[in-house]
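Worksheet: one structure, shown below.
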Amino acid sequence: MYDCVVIGGGPGGICAAIYAIRAGLKTVILEKLGVGGQIAVSDIIENYPGFPSISGPDLMRNFEDHAKSVKAELVFTNVKKIETGDEGLVMHTAKDPIKTKTVVICSGAEPKHLGFKGEMEFMGRGVSTCGTCDGNFYRNKPVAVIGGGDTAVKESIFLSRIVDKIYHIHRRDRFRAEKVLQDRIMSRENIEFCWKSNVEEALGDDSGVTGLRIKDIESGKTRDLAVDGIFVFVGINPNTSFVDCKKDDQGFIITDVNMATSIPGVFAAGDCRVTPLRQVSTAVGDAAIAAFKADEYISELEGRSYEKVAKL
Ligand code: NAP
């Protein structure tokens with residue numbers, strides 16, 4: 001029986017584990033693939049205090065070293081379901097079930113797909129959702145980038161240093177990305193902006209992508225762009241299907257200010273929850289509160305059954 005199971009080994013998960021372990025809780029981090037979460041595939045992070053400019057992988061290595069220094073236990077397994085019962089909470093995983101008094105969900109989110117013709121057919125053969133991972137395949141070649149949020153703009157700036165030319169496609173005439181990123185992308189000379197445009201179809205053959213058909217929303221005119229790569233950054237879907245708590249219509253977990261979900265003893269932090277801002281700094285802030293409240297929850301439980309607490 002653990003005191004605290006942390007689901008996810010990104011910045012939020014590692015922070016929750018550090019706080020839980022320092023509070024004396026028997027803690028384990030369950031991670032399905034590899035530690036790091038989204039920042040492990042981020043180029044540069046410039047808004048995490050204390051690190052004016054650091055690469056995502058370097059920042060993540062620092063988090064990992066910190067986790068090791070508090071002897072955090074890490075198990076690679078995929079949580080399939082969280083079950084509530086009289087004896088606490090049970091994590092059903094690909095391995096044996098794991099029992100715990102509390103859970104902090106830091107399972108993050110994954111890139112959304114857009115749904116245009118050819119998107120899935122050419123996924124991994126010209127269509128990508130990670131510039132930092134795949135950019136090098138398109139060195140000195142033309143590519144398209146789709147989306148107007150922080151991710152799309154950051155990745156376009158990153159790719160502009162590698163590729164020959166970028167067609168940056170957005171459905172509106174302005175980006176929603178933070179101002180400093182907007183200023184930076186506007187100064188890149190090898191990016192052509194295709195505003196108010198929708199994506200129609202990825203063009204290609206057996207060798208992979210050869211082009212992208214876009215449509216001007218106002219004129220209705222289509223245009224075929226000769227590109228070898230198509231990078232899609234149109235938002236994120238939360239990794240929350242394994243938990244049956246209250247969520248919004250997109251599946252993000254609803255918490256209170258203490259990061260408590262609708263299930264007693266289950267807390268959520270970072271990108272997987274409903275929050276106005278998704279950053280490394282907000283993920284670790286959420287996680288610190290969640291672990292603190294998990295510890296408080298266990299203290300309150302002493303001498304009582306979970307069933308009684310669930311009715312409080
Ligand atoms: P996002 O902020 O939700 O932006 C998604 C973008 O995709 C928007 O520009 C949206 O257009 C566009 N889009 C969505 N559906 C579309 C559709 N069907 N067709 C065409 N375009 C579509 O997602 P994100 O950029 O992945 O960011 C996710 C979260 O992580 C955000 O909270 C973001 O701030 C955060 N983040 C922060 C950083 C950082 O360094 N500070 C880096 C990455 C991510 P509209 O603008 O027209 O809605």
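Position 1 is the first residue of the sequence; numbering continues from there. FYI, side chains are in, hydrogens and waters are out, and symmetry mates aren't considered; it's all heavy atoms of this structure. Counting starts at 1 for both ligands and their atoms, in listed order.
The closest non-hydrogen atom to atom 1 (P) of ligand 1, taken over Gly235, Ala109, Pro276, comes from Gly235. Within the set Gln38, Glu46, Lys154, the minimum heavy-atom distance to atom 40 (O) of ligand 1 is found for Lys154. In this structure, of Gly147, Gly149, Gly148, Gly56, the residue bringing a heavy atom nearest to atom 4 (O) of ligand 1 is Gly149. With Val199, Thr151, Thr275 as candidates, the residue nearest to atom 24 (P) of ligand 1 on a non-hydrogen basis is Thr151. Nearest residue to atom 17 (C) of ligand 1 from Asp150, Leu114, Val234, Val180 is Leu114 (criterion: closest heavy atom). Distances from atom 46 (O) of ligand 1 to the heavy atoms of Arg172, Gln279, Arg174 show the closest one on Arg172.
With a 4.0 Å heavy-atom cut-off, ligand 1 is reached by no atom of Phe175.
When only non-hydrogen protein atoms are considered, atom 48 (O) of ligand 1 lies nearest to Arg176 NH2, 2.6 Å. With respect to atom 11 (O) of ligand 1, the closest heavy atom belonging to the protein is Arg171 NE, 3.2 Å. Scanning all protein heavy atoms for the shortest distance to atom 29 (C) of ligand 1 gives Arg278 CB, 3.9 Å. In this structure, the protein non-hydrogen atom closest to atom 28 (C) of ligand 1 is Ile236 CD1, 3.9 Å.
Assignment of Glu178 to the shell around ligand 1 is supported, since a heavy atom sits closer than 4.0 Å. In this structure, His170 has a heavy atom closer than 4.0 Å to ligand 1.
The residues Lys26 and Asp3 are annotated as not salt-bridged, no charged nitrogen and carboxylate oxygen being separated by less than 4.0 angstrom.
Under the 4.5 Å side-chain heavy-atom criterion for ILVMFWY residues, no single connected hydrophobic cluster contains both Phe122 and Val143. Residues Ile169 and Ile157 do not share a hydrophobic cluster, clusters being chains of Ile/Leu/Val/Met/Phe/Trp/Tyr side chains in contact below 4.5 Å. At a threshold of 4.5 Å between side-chain heavy atoms, the hydrophobic network of Ile, Leu, Val, Met, Phe, Trp and Tyr places Val234 and Tyr167 in one connected group.
Phe231 is linked by a ring-ring contact (aromatic ring centres under 6.0 Å, His included) to Tyr138, counting only residues two or more places apart in sequence or in another chain.
Annotation: salt bridge (Lys or Arg N to Asp or Glu O under 4.0 Å) contacts involving residues 176-187, sequence neighbours excluded, comprise Glu46-Arg184, Lys179-Asp183.
With Leu30 as the partner, the side-chain contact (heavy atoms from CB on, under 4.5 Å) test is satisfied by one option alone out of Thr77, Thr100, Leu74, Val103: Thr77. Gln279 pairs with exactly one of Asp150, Ile39, Ile45 by the side-chain contact (heavy atoms from CB on, under 4.5 Å) rule, that one being Asp150.
Counting the atoms of ligand 1 from 1 in the order shown, those under 4.0 Å from a heavy atom of Asn47 are 41 (N).
By the neighbour-count criterion of 12 heavy atoms within 6.0 Å, atom CG of Asp244 is sparsely surrounded, having that number or fewer from other residues, nucleotides or ligands.
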